[in-house]
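Presented below is the structure to which this report refers.
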Amino acid sequence: MESMLGTLRRIVQAVTAQARFANAVQTLVTEVKVAMAADVCTIYLINPARTHFVLAATDGLNLEKVGSAEISLSDGLVGQVARRAEPLNLNDARSHPSFLYLADSGEEAVNSFLGVPIIHQGRTLGVLVVQQQDARRFDESEEAFLVTLAAQLATVVAHADAVGESALGVQGGELKDTCFTGAPGAPGIAIGTAVVVHPVANLEAVPEKEAENVTIELLLFDRALESVRSDIRNIILEFSESLPAQELALFEAYLHMLDENALAGDIRERIQHGQWSQGALKQVIREHVNRFEEMEDPYLRERGADVRDLGLRLLAYLQDIRDKKTHFPKDTVLVGDEVTPAVLANVPADRLRAIVSMRGSRNSHMAILARAMDIPAVMGAVELPAFELEGEELLVDGHYGEVYTRPSDARIRLSRELIEQERTFDEELNELKELPCITRDGWRLALWVNIGLTGDLTRSLDRGAEGIGLFRTEIPFMSKDSFPTEAEQYTLYREHMEAFEPRPVTMRTLDIGGDKSLSYFPIQEENPFLGWRGIRVTLDHPEIMLVQVRAMLKANAGLKGLLRIMLPMISSLQELQSAKGLINQAYDEVIEEGVTVKRPQVGVMIEVPAAVYQARQLAKESDFLAVGSNDLTQYMLAVDRNNARVAELYQDVHPAVVTALREVARAAHAEETPLGICGEFAGTPIGAVLLMAMGYHVLSMNATHLPKVKWVIRNIKRSDARRMLARVLRMDNTQDIERFMDEQLRNVGLAKALPHHHD
Ligand code: PEP
Ligand code: MG
């Protein structure tokens with residue numbers, strides 16, 4: 001007989017092998033019914049609006065009821081299983097007070113009942129039930145089997161909609177003022193009409209076969225290539241007014257990807273080897289996409305979507321099916337399974353109000369572009385029935401990552417007010433550019449920027465940044481295929497230092513490991529965040545660190561701006577001492593070469609709890625301290641900063657984190673060492689106020705957040721901020737701190753900088 005574990009594996013495999021969700025759940029109920037020798041197996045799922053259960057699949061009850069039979073969430077045994085979030089095992093179900101007979105279902109014939117909840121990440125998605133005609137009781141091992149199965153299959157249920165297949169099919173009524181959530185891609189609120197974008201062609205469906213005539217296939221490919229290139233050039237023209245130059249560079253990058261020494265060349269080579277054009281395209285795109293998707297860095301991983309998008313555009317021309325859509329309403333909300341930058345080609349910029357994509361994340365190019373274009377975007381809205389929304393009215397809230405279908409009049413009214421408030425606030429922020437960041441009672445704070453992506457530079461200067469507080473040097477390293485040379489690094493660093501002259505520039509030494517890996521320097525580890533990361537790598541490879549520091553020193557030669565070299569992931573004094581030794585060596589070498597350079601300042605990032613406890617000693621031996629609160633939070637709370645499953649536990653105002661930040665401030669003050677912070681927390685209104693109260697001298701953040709933070713600081717007194725901090729330090733949980741700070745900032749007139757209140 002098959003073991004329990006064997007049966008479990010077989011069923012999970014059979015279910016996950018189904019491409020369509022409806023088939024997957026049907027396979028599930030049939031397999032479970034057989035495995036448990038039951039008369040009936042049924043799966044009930046909660047509808048997206050969470051108003052009731054729908055019978056999603058059954059083996060044993062009336063099949064006509066599938067998709068239509070509905071049970072209110074509070075009704076019946078199924079309701080009880082979901083409510084209590086625990087199994088219910090009865091030998092005589094019909095005499096149970098909660099038993100509810102489902103009309104015409106065929107349920108009248110059954111007696112015993114075993115129901116287990118299907119729960120994904122704390123959320124009940126449905127209930128799996130087996131029933132039996134006779135009054136036998138399912139035994140404990142059967143109950144354990146069903147619980148285990150439901151736990152494993154919860155992921156399948158949760159992700160069913162991610163592939164664009166609405167598990168239950170959304171009936172018209174359910175769209176009424178229904179909220180679907182995803183990730184906030186770009187802030188802002190917009191109301192508009194959904195225009196659904198479909199992938200124009202399907203690469204997967206293309207067969208691979210031999211070319212009948214290689215010359216003709218090459219000609220066809222050339223024609224498609226030229227058409228796509230000209231489409232992209234048109235996008236560039238169309239957006240040249242509305243997009244900053246560095247964002248337009250993205251489309252230039254598309255053109256490069258189509259170069260002869262990139263995609264085009266590879267495809268042509270396959271055709272020359274005898275593959276027909278569409279098959280060659282499919283092979284090459286698949287290989288390139290895979291290469292991107294295997295990358296650990298989430299930013300680079302998302303680039304796979306760009307390649308796929310280009311592949312589809314080429315295929316559309318090869319197949320001559322074009323997305324013929326020409327009409328876009330004035331208030332277009334682009335909606336799709338995967339909305340990518342190239343989809344924008346067809347949409348006139350002045351008609352686009354918002355973007356909603358079922359796939360993608362904050363790191364997707366689409367989200368990056370949307371932020372640059374100031375268009376609200378919601379990414380990864382996996383439950384959205386995107387393909388059923390053509391022409392529907394949508395309300396998109398990019399602050400909270402929410403999409404409302406058929407929003408109510410009251411909701412629209414409220415949102416229009418919020419949109420108007422945001423517009424006036426933005427105008428007000430623009431006027432602050434040249435003004436200092438100073439509190440109402442005269443406390444001066446420096447606002448610097450974090451830099452990494454191309455495009456950050458101009459935006460930072462535009463927003464009035466007073467220095468660079470963090471140059472993430474690993475990001476430019478990632479787009480190479482070997483370590484960049486000293487000369488290459490010099491050019492890049494010099495460009496930034498000249499642009500910021502005479503302002504200070506903080507260069508962080510290479511911070512790879514963890515979630516940031518270089519394709520040409522792979523690091524394989526069980527626990528990368530606790531592994532070979534940051535300073536640990538560069539101290540083990542002085543040849544890499546010396547080249548980098550030399551390039552930094554030389555890039556600063558002859559400039560007035562101060563060069564600050566910052567060391568990531570320091571967890572002991574020895575690391576600081578060794579790094580300083582290498583920096584001195586690099587300095588001596590540069591001087592020996594005859595280049596006149598100033599000695600840089602050397603600072604330590606406080607990112608590890610050990611460094612918090614040794615902050616005073618570290619401060620004594622360095623020129624500045626800068627807290628990396630992104631990492632410090634993850635290490636203090638033992639919560640992986642990239643793991644969606646524990647994302648709710650990643651709390652930057654956790655009392656332990658706030659206390660640690662304050663301790664670091666005290667240590668720095670005791671040693672009179674300048675103190676900064678460059679984690680995301682610094683760019684939030686609550687963070688900025690608390691950090692200012694603690695006495696942080698420099699807040700370094702993403703350029704987007706800078707104007708708002710400046711406004712907050714200019715509109716508060718430090719004495720008020722210190723009073724708030726004193727109260728916060730006495731609180732013992734995150735929610736109280738968040739609530740208190742939100743209320744306090746609103747009380748001192750800062751509501752405009754906070755997300756609108758949410759019901
Ligand atoms: C940090 O950890 O807060 C930080 C600024 O560094 P990164 O986000 O690059 O790890
Ligand atoms: Mg860090």
Side-chain angles (χ1 to χ4, degrees), residues 446 448 450 467-473 504-514 529-540 542 545 548-549 552 562-587 599-637 652 656-679 681-682 687 690-691 694-700:
W448 294 2
N450 298 346
I468 297 181
L470 164 64
F471 189 122
R472 289 186 164 99
T473 56
V505 171
T506 314
M507 303 293 299
R508 177 167 72 183
T509 59
L510 194 64
D511 185 23
I512 52 169
F529 275 117
L530 300 182
W532 205 42
R533 257 202 94 175
I535 197 72
R536 301 172 183 178
V537 179
T538 46
L539 286 182
D540 284 350
M545 174 139 171
Q548 186 173 39
V549 173
M552 291 172 180
L562 183 64
L563 168 63
R564 306 163 95 229
I565 296 182
M566 184 160 82
L567 309 168
M569 278 293 288
I570 293 282
S571 59
S572 73
L573 246 73
Q574 287 90 315
E575 285 172 339
L576 169 60
Q577 287 150 358
S578 309
K580 278 170 72 174
L582 286 174
I583 293 171
N584 284 337
Q585 181 184 334
Y587 175 80
R599 266 195 195 278
Q601 290 199 339
V602 179
V604 169
M605 285 193 82
I606 307 288
E607 304 193 274
V608 178
V612 174
Y613 288 100
Q614 287 201 294
R616 183 112 190 225
Q617 292 94 317
L618 290 167
K620 199 180 293 195
E621 296 200 22
S622 54
D623 299 311
F624 63 92
L625 296 185
V627 175
S629 56
N630 304 338
D631 276 314
L632 185 59
T633 308
Q634 82 160 343
Y635 290 125
M636 296 265 332
L637 304 179
D652 43 20
V657 178
V658 176
T659 309
L661 290 170
R662 211 266 307 245
E663 287 310 306
V664 175
R666 283 188 160 171
H669 295 157
E671 294 300 328
E672 296 184 5
T673 305
L675 172 66
I677 174 161
C678 50
F681 188 46
L690 290 175
L691 294 162
M694 290 177 194
Y696 279 71
H697 310 107
V698 178
L699 306 186
S700 189

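One is the number of the first residue; the rest follow in order along the sequence. What's counted below: heavy atoms across the whole structure, side chains too, no hydrogens, waters or symmetry copies.
- Annotation: side chain of N450 is in contact with side chain of R472 (closest heavy-atom distance under 4.5 Å).
- In this structure, D623 has no salt bridge (charged side-chain N to carboxylate O under 4.0 Å, His left out) partners at least two apart in sequence or on a different chain.
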Practice prompt. Could you go through the side-chain contact (heavy atoms from CB on, under 4.5 Å) check for I677 and L699 one step at a time?
Written response: CA-CA 5 Å; I677 174 161; L699 306 186; 3.6 Å; yes
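- Put simply, NE2 on H669 and CZ on R666 are 10.5 Å apart, with the number rounded to the nearest 0.5 Å.
- In terms of the salt bridge (charged side-chain N to carboxylate O under 4.0 Å, His left out) criterion, R564 has no residue partners (sequence neighbours excluded).
- Annotation: the span from Q577 atom CD to S572 atom OG amounts to 8.0 Å, rounded to 0.5 Å.
- Evaluation of the salt bridge (charged side-chain N to carboxylate O under 4.0 Å, His left out) rule for E621 yields no partner, not counting sequence neighbours.
- Rounding to the nearest 0.5 Å places CG of L582 at 6.5 Å from CG of L539.
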Got a list of side-chain donor-acceptor pairs under 3.5 Å for residues 625-632, not counting sequence neighbours?
residue	atom	partner	partner atom	Å
N630	OD1	E680	N	2.8
D631	OD1	R533	NH1	3.1
D631	OD1	Q634	NE2	2.9
D631	OD1	R641	NH1	3.0
D631	OD2	R533	NH2	3.1
D631	OD2	R641	NH1	3.1

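- Shown here for A665 and L675, the closest heavy-atom pair between the two residues is CA-CD2, 3.4 Å.
- Annotation: side chain of Q614 is not in contact with side chain of I570 (no heavy-atom distance under 4.5 Å).
- Atom CE of M507 is separated from atom CG of L563 by 7.5 Å, given to the nearest 0.5 angstrom.
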Worksheet item: Given L576 and L618, is the side-chain contact (heavy atoms from CB on, under 4.5 Å) satisfied, shown in steps?
Response: CA-CA 8 Å; L576 169 60; L618 290 167; 4.0 Å; yes
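- Remark: the backbone N or O of V602 is not paired with any side-chain donor or acceptor of S622 at under 3.5 angstrom.
- When atom types are taken as modelled, the side chain of R536 and the backbone of G531 share a donor-acceptor pair closer than 3.5 angstrom.
- Residues passing the salt bridge (charged side-chain N to carboxylate O under 4.0 Å, His left out) test with D652, sequence neighbours excluded: none.
- When atom types are taken as modelled, the side chain of E575 and the backbone of S571 share a donor-acceptor pair closer than 3.5 angstrom.
- A donor-acceptor pair is defined here as one N or O able to donate and one able to accept, closer than 3.5 Å; such a pair exists between the side chain of Y635 and the backbone of F529.
- Counting only heavy atoms from C-beta outward, the side chains of L567 and M545 approach each other to under 4.5 Å.
- For F471, the ring-ring contact (aromatic ring centres under 6.0 Å, His included) test picks out Y493, H496, with sequence neighbours left out.
- Proximity of a side-chain donor or acceptor of E607 to a complementary backbone N or O of M569 within less than 3.5 Å is detected.
- Side chain of T506 to main chain of I468: a donor-acceptor pair is present (N/O by atom type, distance under 3.5 Å, no hydrogens or angles).
- Counting only heavy atoms from C-beta outward, the side chains of M566 and F624 approach each other to under 4.5 Å.
- In plain terms, the two heavy atoms of Y696 and L661 that are nearest each other are OH-O, 2.7 Å.
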